[in-house]
Amino acid sequence: MQESLRLNVNGKATGVEVAPGSRLLDVLRENLGLVGSKEACGRGECGACTVLIDGRPVASCLVMAETVSGAVTTIEGLADEFADLRRAFADNGAFQCGFCTSGQLVRAAALIREEWPDNPDEREAFVRHRMSGNICRCTGYTGIVDAILLTAQARRSSAADRP
Amino acid sequence: MKYLGARTRVIDWEARTNGSFQYTADVKLDGLLEGVILRSPYSHAKILRVDTSRARTMPGVHAVITAADFPPGARYFHEGVPDRPPLADGVVRFIGQEVAAVAAETRLQAQAALRAIVVEYQQLPGPLTTAAALGRGVSRLHDRQSGVDNVSRSVLRDWGSAETGRRNSTVSVSGDFFFARQTHACMETNIAVAQWSETDQRLEFWTSTQAPYYVASEVANVMGLKQDQVICHEVGVGGGFGSKSKICEHEAIAGLLARLARRPVCVKLSREEEFETTKTRHAFSMSMQLHADSAGQLRVIAGKIDVDNGAYNHSGVSVMGAGIKGLGMLYRPEGLEVSGRLVDTALLPGGQFRGYGTVQTSFAVECLMDDLAEKLGVDPIDLRIRNANQSGEMTLVGAELGSARLVECLTAARDAIGWTREREKDNRRPGRGVGVSASVHVSGSFTMPGANRSDAAIDVFADSRVRVRFGGSDAGTGQKTILALIAAEELGVDLEAVDVQMMESDKTPFDMGAWSSRGTHYGGHAVRKAAVATAERLKGLAASQLGDGDLRLEDGMVKSAARGIPIGTIAQLSNDLKDGILSTETSFVETSVVQADRATGKGNVSPSYNFAAHAAVVDVDRRTGRISVLDYVAVHDIGFALNRITIEGQAIGGAVMGLGAALSEEIIFEQGKVVNPAYLHYALPRAADVPRIRPILIEGGDPRGPYGAKAIGECSINPPPSVISNAVYDAIGVRIRDLPITPDKIINALARREGRSRSHHIWRRPSRWWIAIVRAAYSRGLLKILHARNLRFASHVEPAPLEKVETPATLANVLSAMGADAKLMGGGTDLQLQRRLGLVEPKRLISLAKVAEFQGVKTLADGVIEVGAAVTLTALATAIRHRIPMIAQAIDKIASSQIREMATVAGNLIQAKRCWFFRNGFGCFKRLGGLAPCYAIEGDHRFYHAAIDGHRCQATTPSDLATALSAVGADVVIAGPDGERVVSMDAFYTGPGEAVLTEHEVVRSIRIRAGATARLGAFVKLRLWEGDFAIASVAITANISADGVLHDPRIVIGGLAPTPWRAQQTEGSLDGKPIEIGTFRAALDRELDRAAHPLPRNGWKLDAAAGLSEQALEAVLRAHEAAQAAPVRESA
Ligand code: FES
Ligand code: FES
């Protein structure tokens, strides 16, 4: 039993044929070939499958495709806009095996757009709190946190430099 | 050097960060089938009959295998007696052991076929703990040659002279230590794709492994093939940490399924299977002593170790040996005398894990070093420096230390952590402590023939590109990049011109893989050798063009003083080209190492030895038992950092994994079954749980290392457990020897030391008599009986398919759509999980996300705030943060930001209980009803079960929001076919996570009572990791008049009773009085003592809850003071 759905993924409207109750993660990976989103738990506990819906980070392994009305963005759709963040990940040792990395990057992308604490001393704790839904078993998080802090900082100062 | 020693991004960084890096699950093959595994539900049983006939005929099924399909007597290789078959043949020895497997077109079909396989078992008793295994009259799990039942192997290591050492000693310290079972929990679950080619008679694998060579050799072994009939292809590996350094069981199964199905097969473990069935770190129980003289010279290390082998041998023999060996390498005692027993238990087997024995034994000895320092009255770092091994020394176990910079590590750690400042009396802050620990590890142990060898090949193409071919795999260690750096360095080419091909059995030469920290030494030397040979060949070829003068390789060219020619052009001059490629393959054999002597265990097994010292500052909250690590330095003697980014990454990652073992990680069993098979239940560190780790690299080269480099990957995991135990001791003066150091152990140790205890006078409370009797009967055999009668372990399966997901727009439509076959869904975050766990099996889902009546946060005319049922937690926190900050604080501590974006207010309130027995497949009372037992009564109930009012079920209501709403005063609006009714939050629950809703009703909204915004409040929570459910949480609100008098306080404690628990007597005693923390605590303690009826191991939660309550009240007081200081705040 299949049903047709229309999804807006990475800026493109797409029609898919899916079984009722299909997980958004499977639709992305299987139907649309967007395999950057990973399944590490399928239970909403690890963040590897994080995608954005209307800019908000969600666990796509728990989302049913039928309930999605907003715009879905995956790592594939963010890679260019967040090339700076990806480079910062590489420069700061923010990944090793890379299996959690798509989820980390997608979550971090949404975080970079969020409103940050004015006090610079509170920013690391802020990042750690917001990123705690994304497990990384390899890196010990220091590199991930640094990459996000540095990218956000660089973006802020280049925004400030703009006339 | 241009590349080596710098900070270089890994060469595949683009693909690893843009989603295009291919892991096994991303491999798409035509006709790929799904393979699933049937597992034993029993700890120990004889298999009387397996009937697969019905399964074979089921739709979509292409292969069904049992032990009979493997060659008779097939066993995995292992040191000690190989004892584990790829599929159980005759006997099962742990819950989860592989019994049969199916390959079918879809996972659902495969699972349906699994259910159709009939297996008749005859249950046998089996030892579920090492103590039980060693006890009298227990059943034997295997026939072993050790002469002792359930002892697979015993060893006695006696190096140097312990006897003289003892004579020369004047002080000794001792202790009993326990290192729990940690699991790797790689982010990618175990997965393999296999494909059999009938024409080539070969089996191809795409598999997530650290050791392609071993997968091939062991698959060949158990399938009766020749090694070259099994090949691996290169694929991304999502973490390993040792778990994938030998074959993993699903690989052999995938191989055989693929061969019989004649179709490619993917076997992918679910997260639950990964936790429940993959081999863990071996738990060690250690009784250890150190003896020293009064000058602080360590004389003897002695002790007895029991290693929990689990049900099969795997690496147990070698892990036990390595653990003892590690003790013979760090310091210079006169003698070491340690015995070990490898004990068979009917549990999940242990296996290889980063740290490999040393992490366990060094925990014990490094804690004892601190005890010894205290006894001698010397500084712990000084004591370690005094005893540290030095470069050039031969250690007790026969390790020849080419370089050993342990002293430098210790000094650097001391400076970096601010050791002296932290320990000065005047700087002492209550609850704050500093700890240190040292460690050593091999850089690739010569454990078996071939392990001291590694081959590599280098190809030079006509366009001057270079390809390194190497047989190992890079599971995230950065080895691939290091090999590229070496090739670029030696061949004088740009890093961008170098590709590295790994784990392609047909093309990549011999290497045993990435384990025993061998990647740096063996891979480094192998590729260096091949690159140097290639460079020589190129120079030789170039001589005809450039003359015999001094030639060098630079800028992608071979250069003479006068000119240069691209290496690709030079390579083409060779008459030894294959497909136009100049290939050079060399073999590196390390001659400085020997295999350990079988009788003594001694020998120089590793070419180099890497040392480390870690130090940390912790804060221990005496009131809740929570340990916060405030600062952490990891100093490593690595000889030379080939690539700083990845070397530091290993230091940091290992330290955090070690902190997990120190603070929270443990695989817990009940009746032989894993209780916590999920990230939710297995507490591993999240970003907010650990501090920034500060790595410091000590360099200076090692004479044998490639470019002077030594390993690091494993050494970094060894120190954290002892660092933390030592720091906790420094902070509060209690020594915890039992890992992980969870809050219960802190609270219990403090209570013991301070002589505190609680008395609950059950004999005066007739309502609790019956329960006390039943609980007592449980431990006297009732549980066993009830368990045996009801034994029904469920495991997670693919949820049953749905017929429809409906998205009604109005409440009326919701009510008419409801029915017995349907479930309502808010954000779905719990419902999807419940379907996965088989707790519910709806045919239809009714999504509430778009129902108009369920939206929005509105302030009604009377000041009541109405929150729609489908408002997400994030939306509620945003809407209410400035009006009732306490509720936002509570929401911020729920789960993760992703879940908070999805989960709805009503969904959070009515989520099912999180009891880890109920959730994880135990056939408990709440699942089966009737006479089914409550596993929490005897099982591990330290964290998540009720200490007040537990009855047939000990679970608690998991919603923190409920606790918070109860504390402000709120009502739930419930809609049903007959209209609406309003229930106070205090009366909303009837049991743990069970609400007053009938099956025809739905929560429409929450109404927060008028006046709530004028109250001051605070929410605090004790949990094992950021986002975890509450061990206990406390919400307090009150009105406080300007003179500091408390009015109408509400104190609600979550996680302590089946439903949010109000401390009403304490509320009454505070009302109308000024806040006084001591009086409050005394009143609350009295009330808790009167109300509680804790289980044997969760009484500490009362202390923790009382401590949290103090903290909450203090926060309320602070809020009051802040409001007094800034009285205009409300007008904003
Ligand atoms: S796979 Fe979705 S949260 Fe883990
Ligand atoms: S990089 Fe391996 S899990 Fe994060």
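What you see is a predicted model; the values in this text were computed from it and never measured. First the proteins, then the strands, lettered A, B, ... as listed; each starts at 1.
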Could you check W13(B) against F95(A) for side-chain contact (heavy atoms from CB on, under 4.5 Å), going step by step and ending with a plain yes or no?
CA-CA 9 Å; W13(B) 75 272; F95(A) 59 86; 3.8 Å; yes
Residue E806(B) versus chain A: region with a heavy atom under 4.5 Å
neither
By a 4.5 Å heavy-atom criterion (distance strictly below it), what part of E14(B) contacts chain A: side chain, backbone, both, or neither?
both
What part of R844(B) gets within 4.5 angstrom of chain A, counting heavy atoms only: side chain, backbone, both, or neither?
neither
At a 4.5 Å cut-off on heavy atoms, which part of S20(B) comes close to chain A: side chain, backbone, both, or neither?
neither
Minimum side-chain heavy-atom gap E45(A)-I899(B) below 4.5 Å
no
Return the minimal non-hydrogen interatomic distance between R137(A) and P685(B), and the atom names on each side.
NH1-CD, 4.2 Å
Taking side chain as C-beta onward, heavy atoms only, is D26(B) less than 4.5 Å from R29(A)?
yes
Check ion pair E39(A)-R271(B) (N to O, under 4.0 angstrom)
no
What's the spacing between I652(B) CD1 and C138(A) SG if we round to 0.5 Å?
12.5 Å
Look at R107(A), M131(A), E3(A), E76(A) and state which one has the largest set of heavy-atom pairs under 4.5 Å with chain B.
R107(A)
Can you tell me how far NE2 of H129(A) sits from NZ of K893(B), rounded to the nearest 0.5 angstrom?
8.0 Å
Just so I know, are the side chains of R16(B) and S102(A) near enough to count as touching, which here means a heavy-atom distance under 4.5 Å?
no
Does F99(A) reach the side chain of F21(B), with side-chain heavy atoms less than 4.5 Å apart?
no
Side chain, backbone, both or neither: which part of R87(A) has a heavy atom under 4.5 Å from chain B?
both
Heavy-atom check, side chain of R56(A) versus side chain of M902(B), under 4.5 Å:
no
State, to 0.1 Å, how close M187(B) and A48(A) come at their nearest heavy-atom pair, and which atoms those are.
CE-CB, 4.1 Å
If you count heavy-atom pairs under 4.5 Å between each of I75(A), I144(A), V35(A), I135(A) and chain B, which one has the most?
I135(A)
Under 4.5 Å to a heavy atom of chain A? For A25(B) that would be both
If I measure from the heavy atoms of chain B, does S132(A) come under 4.5 Å with its side chain, its backbone, both, or neither?
both
For the interface with chain B, which of E124(A), R23(A), R130(A) has the highest count of heavy-atom pairs at distances below 4.5 Å?
E124(A)
Rounded distance (nearest 0.5 Å) linking atom CG of L78(A) with atom CG of N18(B)
11.5 Å
Given side chains that start at C-beta, do those of F82(A) and T17(B) come closer than 4.5 Å, heavy atoms only?
no
Spell out the residues in residues 146-157 of chain A that have some non-hydrogen atom less than 4.5 Å away from a non-hydrogen atom of chain B, in order of number; otherwise answer 'none'.
D146(A), L149(A)
Would you give the length of the straight line joining atom CZ of R128(A) to atom CD of E1026(B), rounded to the nearest 0.5 angstrom?
11.0 Å
Sort D12(B) into side chain, backbone, both or neither according to what part of it lies under 4.5 angstrom from a heavy atom of chain A.
neither
Among L659(B), V10(B), L684(B), T189(B), single out the residue with the greatest number of heavy-atom pairs under 4.5 Å to chain A.
L684(B)
Side chain, backbone, both or neither: which part of R644(B) has a non-hydrogen atom closer than 4.5 Å to chain A?
neither
Please flag which part of A90(A) lies under 4.5 Å from any non-hydrogen atom of chain B: side chain, backbone, both or neither.
both
V127(A), part contacting chain B, at a heavy-atom distance under 4.5 Å:
neither
P695(B), part contacting chain A, at a heavy-atom distance under 4.5 Å
neither
Considering only heavy atoms, which portion of Q104(A) lies under 4.5 Å from any heavy atom of chain B: side chain, backbone, both, or neither?
neither
For E30(A), which atoms come within 4.5 Å of any heavy atom of chain B: side chain, backbone, both, or neither?
side chain
C97(A) and E188(B), any side-chain heavy atoms less than 4.5 Å apart
no
Closest non-hydrogen atoms of A40(A) and Y679(B), given as atom of the first, atom of the second and distance, are O-CE1, 4.1 Å
Side chain / backbone / both / neither for A895(B) at chain A, heavy atoms under 4.5 Å
neither
With only heavy atoms counted, which part of A59(A) is less than 4.5 Å from chain B, the side chain, the backbone, both or neither?
both
Going by an N to O cut-off under 4.0 Å, is there a salt bridge joining E272(B) and R43(A)?
yes
Straight-line distance of C61(A) SG to Q898(B) CD, nearest 0.5 Å:
10.0 Å
Atom pair NZ/OG1 of K850(B) and T67(A) - distance to nearest 0.5 Å
6.5 Å
Could you check whether any side-chain heavy atom of E66(A) comes within less than 4.5 Å of a side-chain heavy atom of L845(B), counting everything from C-beta outward?
no
Can you tell me which portion of Y682(B) sits under 4.5 Å from chain A's heavy atoms? Options are side chain, backbone, both or neither.
side chain
